[in-house]
**Student:** 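Have a look at the structure that comes next, please.
Below, all heavy atoms of this structure are taken into account, side chains as well, without hydrogens, waters or symmetry copies. Computed from a predicted model, the values in this text were never measured in an experiment. The first residue of the sequence shown is numbered 1, and numbering continues consecutively from there.
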Amino acid sequence: MKLIDIHTHGISGVDTAAASEHQILTIAELQGQAGVSEIIPAVYPSSLAAMRKQMQAIQKAMDIQRSGSRSQDAEMKSSTSAAKIIGMHLEGPFLNPVQCGALDAGSFLEADEKTFKELIEGFEKEVKIITIAPELQRATSLIRLISDMGIIASMGHSDATYAEAENGFHAGARGITHIFNAMRGIHHREPGISGFGIMNQEVYTEVVADPFHLDQRIIELIFTLKSPEKIIIVSDTIKASKMTPSTNGIQNEYNKLIGGSLTIKEASEHLIQMGLNKEIVQKAISQNPEQYLDV
């Protein structure tokens, strides 16, 4: 069974923020050791120049994997096959500062077509997913453009109402980035983007399924109400992930969660131990992400 993680920033001391192809390759090797077959490294929002440096590093790492070579000064060697790098996920910069989560809200930009084209120029083939807040001015137009280019628009870091999320979906958005985290939650008079992600049975929904990002009962709610073919477990791991054991998740100095604690294989095992259906959980790390990426 091929395991696919569509949202990982880093792991065990290496991270996409370093803008180093060697660190990207090391992420792939470490994920491969963890049983993951394919990964889509996620790029943090920053200045366009900084994001493009991260993107260039991922592109170079993909080229190195395709050529079958590995630099002599690589940070580690592994007997385990590395996870294949199959693209990149841009987590921003067209996000809502109100729902920045642990990201740098100062780097967020308006949903501008010119800015978008400057960002992805030269990386059109490698960019697979872009997270965007659908409520931003002109966001629906940008979602249409992204979708028309064959790139997946995923709605996240968003304060969207249910109607605004629905508008984004009708404009072409196919996914929700780490549902409930860094987005408007469900209120009994306004179900919001989180409610849309659960209630709409066509939109794919990322789930960070470590023990910290979502309460166990919320995870059970997702797996009860959501179409099982549309749930995708992601790791959202970062540099600090897997470095030291934590009883409260990976947090910054403000006690805010900043990254996932488990690989997708570990997360799936955790959910199965919780009592969730094994077949459904395994599809959420294999068949579902594969179908999601088949645009």
**Student:** Determine yes or no for a side-chain-to-main-chain donor-acceptor pair under 3.5 angstrom, with Gln201 supplying the side chain and Ser227 the backbone.
**Tutor:** yes

**Student:** Taking atom CD as the centre, does Glu110 end up with more than 12 heavy-atom neighbours from other residues, nucleotides or ligands that are less than 6.0 angstrom away?
**Tutor:** no

**Student:** Within the side chain of Asn288, is there an N or O that forms a donor-acceptor pair under 3.5 Å with the backbone of Ile231?
**Tutor:** yes

**Student:** Do Ser286 and Lys2 have side chains that approach each other closer than 4.5 Å (heavy atoms only, starting at C-beta)?
**Tutor:** no

**Student:** Just wondering, more than 12 heavy atoms not from Lys242 lying within 6.0 Å of its NZ?
**Tutor:** yes

**Student:** Checking the side chain of Glu206 only, and the main-chain atoms of Ile176 only, is there a donor and an acceptor separated by less than 3.5 Å?
**Tutor:** no

**Student:** Around Lys239, counting heavy atoms of other residues, nucleotides and ligands shown, do more than 12 lie under 6.0 Å from its NZ?
**Tutor:** no

**Student:** Between Met183 and Ile186, is there shared hydrophobic-cluster membership here, with clusters defined by ILVMFWY side-chain heavy atoms closer than 4.5 Å?
**Tutor:** yes

**Student:** Any side-chain donor-acceptor pair under 3.5 Å between Thr263 and Glu266?
**Tutor:** yes

**Student:** Give a yes or no on whether Arg66 atom CZ has more than 12 heavy-atom contacts from other residues, nucleotides or ligands under 6.0 Å away.
**Tutor:** yes

**Student:** Side chains of Ser154 and Thr177 only: does a donor on one sit below 3.5 Å from an acceptor on the other?
**Tutor:** yes

**Student:** Report yes if some heavy atom in the side chain of Tyr162 is under 4.5 Å from a heavy atom in the side chain of Ile193; otherwise report no.
**Tutor:** no

**Student:** Does His157 use its side chain to pair, donor to acceptor, with the backbone of Asn96 at less than 3.5 Å?
**Tutor:** no

**Student:** Can you find a pair of side-chain heavy atoms, one from Ile6 and one from Ile129, that are under 4.5 Å apart?
**Tutor:** yes

**Student:** Has Arg174 got a side-chain atom pairing as donor or acceptor with Tyr292's backbone, closer than 3.5 angstrom?
**Tutor:** yes

**Student:** Hydrophobic clusters here meaning ILVMFWY residues chained together by side-chain heavy-atom distances under 4.5 Å, can you tell me if Leu262 and Ile218 are in one?
**Tutor:** no

**Student:** Hey, are the side chains of Ser141 and Glu113 touching, using non-hydrogen atoms and a 4.5 Å cut-off?
**Tutor:** no

**Student:** Tell me whether Leu271 shares a hydrophobic cluster with Met1, the cluster being built from Ile, Leu, Val, Met, Phe, Trp, Tyr side chains joined at under 4.5 Å.
**Tutor:** yes

